[in-house]
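Could you have a look at this structure, given as structure tokens, before my questions?
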Amino acid sequence: MGELARMKFYCDDQRCIDCDGCSVACAEAHELPTGVSRRKVITLNEGIFGKEFSTSVACMHCTDAPCEQVCPVDCFYIREDGIVLHDKEICIGCGYCLYACPFGAPQFPRDGAFGTKGAMDKCTMCAGGPEETNSAKERELYGQNRISEGKVPVCAAMCSTKALLVGDGQAIADIYRKRVASRGHGVQSSPYGWGSAYGK
Amino acid sequence: MKKYLLFLVSSLFVTSVAFAADSQIWGDMRLEDILGYGQAESTKLGPLFTMLQSNYFAKAFLVVLVGVPLVFLIHYLIIGPKVFSHDGKKIYAFSLLARVIHQIAAISFMVLVPSGFIMVFGSTFGGGEFVRMMKDLHGLATIPFAIVVIPMFVIWVKDMFIHWDDIKWLMIVGGYLSRKKNPVPAGKFNAGQKTWYWLATLGGVVMVLTGASMYFMDFDIAMLREITGLSQIDILRAAAIIHNIVGVLITALFFVHIYMAVFAIKGAVNGIITGYKEEEEVKILHSSWYKKLKKQGKI
Ligand code: SF4
Ligand code: SF4
């Protein structure tokens, strides 16, 4: 990755076999509470022959992230490599980021008897949070920080068909183009979801 | 009243039961939401909310917070308050029930408005524990208001319909632009009070419902989705948009209400505390009502 690396996710819907491995790996690696899945596999056009496909979604770490724009307490911060993170100790659990998000990424574990919402939780691209890197507190609040150790986010690392990729947007786009070309019947001009996340 | 409370409690119970069901946001519905976002055929509520919240809502609240009191300060300095004799006879205007209901609503508002402002300007307060506490307080203070809002609507509704006097009242802005004590055309409630009444009661119900939706977020009321034709997330987006817009209006008129009762008409606030208004105040500011009472021989 060069200096201008801009981290993006890409899930190849031609390869995704709806095994849910990424979602499970994520939940286990970050010890997420039940009811929270930072990553989820969804199937589109279910039952429509030739059009059905599955893809894995999580926070896409958008350009000009809508969540960051609406947060009333400004608890988001965007790293130089484009990863969108937030501070759970500042978050008030208002839900606005969820309303703004095109991917339904922000989630709210319920704590308390009346279903009051706790601080927002979402995919960190395995980059932790604002606490000291790899501290116990960071791990407790945000899960593993694999990026700091030079590791690939756990979802993409375990994806058996290599459908789910993460890395510098330029490199990912190159792989995407190669794959589409090799199949010989490219239809989409950019990966699914990229329009919403990174602009056309 | 008893039945009403029962209804409230049972509807709370029903919503908490609904929690046990599957998530309406992150379950299968999530798909629909992702597909719908910003698409030409979608509601576009997501991008609309993002645009409004990032550019306008906080600004509108700031205008209310600074602008409305500023206008009043100027009014107070240039035209000044209306002072009526407090030695004359008193006219009984508000029953004990009306006063109790009003006071419960008043106390709720004194918590709801500041805590709401603190959330809107959450970043100024640094977020975290304090703002979170205000959010919970905002939710708690909703409960007493939700209990009294409908009774409040019922006890006053018969006096609140529009009347010829109201047009005349609006033409002279209730006489507040002059220092003279000329009789102002108004029944028991003037056009300003009526506007506030409708906004506070109907708008108040809207605030309770939209606020509760956002607070409970992942509730499951299929009927609501069917009636509106919206997905759960779009219901929440609509709720957030409506809550902010109606919130701006209600806070603006709430400030007006306080200014009138406490500053602009000296001692007017006593009316809702003791139930009695000053005769001179009624004679001038509610002249039609005064004449009516006179005719009926009640004074
Ligand atoms: S996917 Fe949602 S949560 Fe993630 S950066 Fe985009 S708007 Fe924010
Ligand atoms: S839930 Fe938290 S992160 Fe999301 S907008 Fe509200 S305060 Fe910000």
Side-chain angles (χ1 to χ4, degrees), chain A residues 35-38 40-46 54-55 57-58 60 62 64-76 86-110 112-119 121-122 192-193 195-197, chain B residues 12 15-16 18-19 23 25-39 45-55 57-58 118-136 139 213-219 232-234 236-241:
Chain A
V36 171
S37 33
R38 290 181 178 179
K40 192 175 168 74
V41 181
I42 59 173
T43 300
L44 296 114
N45 305 327
E46 206 163 350
S54 296
T55 189
V57 288
M60 289 289 276
C62 306
D64 298 327
C67 53
E68 189 262 351
Q69 294 178 36
V70 298
C71 177
V73 294
D74 275 345
C75 74
F76 287 90
H86 74 293
D87 189 331
K88 285 193 179 181
E89 294 195 318
I90 296 176
C91 168
I92 58 167
C94 67
Y96 277 16
C97 47
L98 170 67
Y99 311 158
C101 176
F103 299 96
Q107 305 190 23
F108 299 87
R110 287 193 203 103
F114 298 105
T116 49
K117 302 189 292 291
D121 187 90
K122 73 168 190 69
Y192 183 78
S196 293
Chain B
L12 271 179
T15 31
S16 56
F19 275 130
S23 168
I25 298 173
W26 297 284
D28 293 341
M29 299 292 290
R30 184 161 173 186
L31 222 172
E32 206 174 291
D33 301 335
I34 294 173
L35 286 175
Y37 194 94
Q39 300 294 310
L45 284 169
L48 178 67
F49 168 75
T50 307
M51 189 271 288
L52 290 173
Q53 165 66 15
S54 54
N55 297 320
F57 288 154
I118 290 169
M119 277 190 280
V120 170
F121 303 118
S123 51
T124 311
F125 293 91
E129 199 52 57
F130 174 65
V131 183
R132 225 172 287 144
M133 224 170 68
M134 288 300 138
K135 187 190 79 165
D136 292 337
S213 319
M214 289 191 283
Y215 195 84
F216 293 111
M217 186 179 262
D218 202 3
F219 55 90
Q232 181 74 9
I233 186 96
D234 273 345
L236 294 171
R237 285 166 177 153
I241 294 171

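Labels below follow one simple rule: chain letters A, B, ... track the order of the sequence lines, proteins then strands, and each chain is numbered from 1.
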At what distance, to the nearest 0.5 angstrom, does CZ of Arg237(B) lie from CG of Leu98(A)? 7.0 Å
With a 4.5 Å cut-off on heavy-atom pairs, point out which of Gln69(A), Gln107(A), Lys40(A) contacts chain B the most. Gln107(A)
Distance from Arg132(B) atom CZ to Ile90(A) atom CD1, nearest 0.5 Å? 9.5 Å
Give a yes or no on this: more than 12 heavy atoms of other residues, nucleotides or ligands lie within 6.0 Å of atom CG of Asn55(B). yes
Engaged part of Val36(A) at the chain B interface, taking heavy atoms whose separation is under 4.5 Å: neither
Chain B contact via Cys91(A) - side chain, backbone, both or neither, heavy atoms under 4.5 Å: backbone
Ignoring hydrogens and geometry, is there a side-chain-to-backbone donor-acceptor pair from Trp26(B) to Arg38(A) under 3.5 Å? no
Nearest heavy atoms of Ser123(B) and Asp74(A), plus distance in Å: CB-OD2, 3.7 Å
Hey, could you give me the CD1/OH distance between Ile241(B) and Tyr99(A), rounded to the nearest 0.5 Å? 11.0 Å
How about Phe57(B) and Val70(A): do any of their side-chain heavy atoms sit closer than 4.5 Å? no
Looking at Thr50(B) and Pro66(A), what are the two nearest heavy atoms and their distance? CG2-CB, 3.9 Å
Value for CE (Met217(B)) from CZ (Phe108(A)), rounded to nearest 0.5 Å, stands at 4.5 Å
Under a 4.5 Å heavy-atom cut-off, does chain B meet the side chain of Cys101(A), its backbone, both or neither? backbone
